[in-house]
Amino acid sequence: MRRLSPPPTSKLVIFVVIAFFLLWWVPFSHVLPEGFPLRFGTYRTFQGSMIAMWAIVALGLNILTGYNGQISLGHSAFVAIGGYTAAILMVDYGWPFWTTIIIGGLIAGGIGFLIGVPALRLTGPYLAIATLGLALATPQILKKYDGLTHGTQGINVRPEVPASPDFIEDWFGIKLSNDEWIYFLALFIALLMLVLALNIVRSRVGRAFVAIRDSEIAAQAMGISVPRYKIIAFGISAFYGGIAGGTYAQVVGYVSPESFNFLLSINFLTTIVVGGLASILGSVLGATGLIVVPELPGIVSFIPGAGLPDELSWAFYGAALILVMIFAPYGLAGLFHRLVRVGPARVAGVLTPVQGAWLSWRERRRAPPASPGQTGAGSEDRSSGDQPGTE
Amino acid sequence: MEEFWQQVVTGIATGSVYGLLALAIVLIYRSTSVLNFAQGEMAMLTTFVAWSILQWGEYWVMFPLVLVIAAGMGAFIERVIIRPVEGAPVLNIIIVTLGMFAILNNVATWRWGGIPKGFPAPPEIEVTGIRFMGEGALDIGPTVVSYHDLTILVFAVAIMVALYVFFQYTPLGLAMRATAQNPVASRLMGIRVGRMLTVGWALSATVGAVAGLLIAPLILLQPPMMMGVLLFAFAAAVLGGLDSPVGAVVGGLIIGVSENLVGTYTPKEWLGPDMKLTVTLLIIVVVLLIRPTGIFGRRAMRRV
Amino acid sequence: MWKLGKFSLIFLSLAALLLVLAVACEDEEEGEVTPAASPAATVTETETPTAGVSTGITDTEIVLGSHFAKSGTYGAAFAPVLAGTEAYFRYVNAEEGGVCGRQIVFKAEDDNYDPARAVEVVRKLIEEDEVFAIVAGLGTAAHSAVWDRLNEEGIPDLWIMTGAHKWAADPEAHPWSVPLLPDYFVAGSITGQYISENMPGKNVGVIYQNDDFGKDHVDGLKDGLDPDKNEIVAEQSFEATAVDIRSQVTNLKNAGADIVFGACIPGHCAQALKYAYQADWDAQFFISYVNSDVAMFAYAPPTAVEGAITLQANKMYDWTDDPAVAEHHRIMSEYGDLPAGNYTIVGHNAGELTVMALRAICDNLTREALMDAVHTIFKDYQGNLSLPGVLTDISETDHLPIEQMRMLQAKLVDGKGKWEYIGDIISFEQEE
């Protein structure tokens, strides 16, 4: 992000606009009269909470997959652990919500550390499928031990989800509605985790992650303990999943085995690749896409003549994925960086299919990626399947 | 003991189903180094096409026709959808296959509807008095095995052997392997890399089509029909080694059999059939820890 | 551990900004905050001032909403339910001039069977589309995530299209929710009663899908079986994604079951029946009511299905001699997106009940009035598409519309399969 460097004043303007959007427009614009341009109803506020929640998972998964190069298709399991921990502690034991989110995160993180150990032996597709196994097993485990998990019926957390606490009223003098409160809660957690992620990836630990991703041997030669950092990456990533799960319990208010099936894991992976691997911005953009894209067919259908059969909304989603991968191989974040760096004129070129695809490849081959946010999927080239082996 | 053999035989029948689709996965992985998440949906779509052809044609007319259509579809997908991301990071290609998953599944639902359809097993053939394929079952001592199960097993083994020979001894197969391992060097050696990739996808779609045609009679023809199979096929391919056709089938058989044994012989109170998927996956992971590239997978060297 | 970088500063300033903005918007907030709904809220929030006119009702339209899985993986099999409801509403709009002089606008949103997404789309329906009621919400997990919200906000949640037992189990806690699909628990219990009455002394083996569908069926079966007459000798589960359930069938056989109770959907049930037939195992199969479809004879050879027993509360779509079913076929072919089937009949039924309830409250179109109507007009009501003798009965204390079903047995007629009634209508006996 540092590379963007637009003039300082415009940077400030952008910052204020974003802050205003997040802190006032999303939660409060429903008070504006109906029909006000771009007014967000309370339902949009809820969607904002969902985006914040998925952004947390995306940040965590990006640390593991984008920065450290380990593919995980099992993150729904960590979200489930966080969600169920929060739900069980709140509903069955009456714990305050914020402790349950933290404990959920810690338990998920601990399990992540444990899983990180066997994951050391596996690479590439083998790791992907082994972690997919984790995602597959999770609902079954949740259903089996129903004394703890309430089984197939799931747990309804809604009655326990707190209303806006008194201190908000004391400090700010306003009483937030439940939606607004949950939104600020999710946003606060997400921002906290975002700052944490930024610090991680810019720290020594983060640089070690990237070094390992780019070349384990070179990293080792530099004195980085490869196993140690790979396990740490798994643990941190799972911790993020757990925190997101705890947030899920507050935002959605209901957890069940079906809430956390393997399709969710696949969605997470899609989120970070489409958003942009090894990019904090990408994680946020990806999570936004996850919520916004299903709405696009509806938006498109307002344009006369552009109506898409409703039954084909999933195909629309699939086509969107493919198009993003073809025309924006570094995801939305990569597109954004291009936009800022090379200006809209050339990005528009991307839209002419052949030329755009060719341009983007040529550019990637010639210029080494500018920032760590640009290196692509763990520099796994096509022969990666043939060079695993860490023994 | 009788119970044990019953479960083993049923497990082999199930396992060969997994193995059959795993072969298609291995084929694509071997020729293009891609995990194809749309493999199951491609097979599902060709099976729907087969169903439409069966409305007016004979089974054995439909069969080769569908294989040709499948090959065409595979080649088309490679040329139009995969080619633009050729050389992109593996994860990008995985996302593209996931996008295809969504499109193919949705198109099938839209075109043929979500209500399951019955699909026939290959009709009976008699060769010199010995019966092949068709409906019905064969009594083999402790248990029965249906002709259709045998058909699946025979197809799986035959395709496995064919692929083994193809990759080991034919120039085309060797060229495809070379392409997968190192496209740049292969191109320098005069291999037409693009064509190899197209052929790889076409072949894989064809094998997948066979899998779809043989699996549909077992679990009914419907858009989500390959979902469970695909997951197990992935597990089978990984267990056996992603670059080994033999591994795919053996992996499938191991999973099929161990699933049944876990379901039958583990304590029902805290494991049992409720947990057979979990325990089986755990077994796979343990095997992978011992052999990180699968049972038959080639141990890769570390390159600097 | 990590140095507080620039971004921490940004974060802190964000927090400060939050404070400032929050104070700034205090004025606007006052009086605008929607009151937190109390759990037992029975008050409809009438936002429009006009008396007797509620959210989702205009002079020309009545807006209804639903959530279900249109696309996605497992959803599509149930899409016909919504297609049936949709077709019926179109038919009413076109041929009967709508309801109460208004056209029905039916908005169905895709939730992909995902609870989180279901919350999202139902909130959209309530808050953006401002629907009057939710009709025929589909999917147990998905609906579980939204029904508390609907009850808190006092939005009618009619004709839930899943048979989970909880919807109707406690009408006082959820006064706004009424299911329609025959309850899995009730169906299991009725089957249990039938077994104990007609086949005492036989051992029962259970094979069920490992989710609420399967487990509610099994709980119902245990409720209906007389423990002195029949014993359950084995219970085997399978996952909804299972490819092959023959191993479990083998285990039931080895456990000495004479009767198999299958809480399975058609694909798995057909596989089990076929395997038992191939293995020459002549156990009596009882399969869930979702299998009561002539298509079963296409899924498995008719000879394999022969003898299997299922049950049904509605008329089946292939009984085209019945005028109501014939009319349903006409409606589906003229107004429907999908061909007629058993699921479209269920959906049609939901549409019909909705329209009946709406017609009863034309002079007072409010949500409470709708619920009152639902609670009062369906007293021993014989639906057109229900089996003769199966009466829909709903009251404030009883939200279980269908408590009677009739057993059907697969018979072979000229080599073709056919479902035929056996026995009389059996009523679910509620244990208090």
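Letters A, B, ... are given to chains in the order of the sequence lines, protein chains preceding strands, and every chain is numbered from 1. Just so it is clear, the model here is predicted, and its values are computed rather than measured.
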Quick one: are [X] and [Y] in side-chain contact, heavy atoms under 4.5 Å?
X	Y	value
B:F101	A:W314	yes
A:P125	B:Y29	yes
A:L73	B:F37	yes
A:I71	B:L91	yes

Please classify the contact of [X] with chain B as side chain, backbone, both or neither, using a heavy-atom distance under 4.5 Å.
X	value
A:L127	neither
A:L136	both
A:V274	side chain

What closest approach, in Å, do [X] and [Y] show between heavy atoms, and which atom pair accounts for it?
X	Y	result
A:G318	B:A102	CA-CB, 3.9 Å
A:A315	B:N106	N-OD1, 2.7 Å
A:R121	B:P292	O-CB, 3.2 Å

B:D274 side-chain N/O to A:K144 backbone N/O, donor-acceptor pair under 3.5 Å
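Here the side-chain-to-backbone pair does not exist.
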Say whether, by atom type as modelled, one donor and one acceptor occur between the side chain of A:Y126 and the main chain of B:L239 under 3.5 angstrom.
no
Toward chain A, the part of B:I290 with a non-hydrogen atom under 4.5 Å
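It is the backbone, since no side chain atom gets that close.
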By number, which residues in residues 245-255 of chain B have some heavy atom less than 4.5 Å away from chain A?
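Residues in range: none.
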Applying a criterion of heavy atom separation less than 4.5 Å, what residues of residues 275-286 of chain B form contacts with chain A?
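Expected list: B:M275, B:K276, B:L277, B:T278, B:L281, B:V285.
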Applying side-chain contact (heavy atoms from CB on, under 4.5 Å) to B:M100 and A:I322, what does each step give before you reach the verdict?
CA-CA 8 Å; B:M100 283 193 314; A:I322 294 175; 3.8 Å; yes
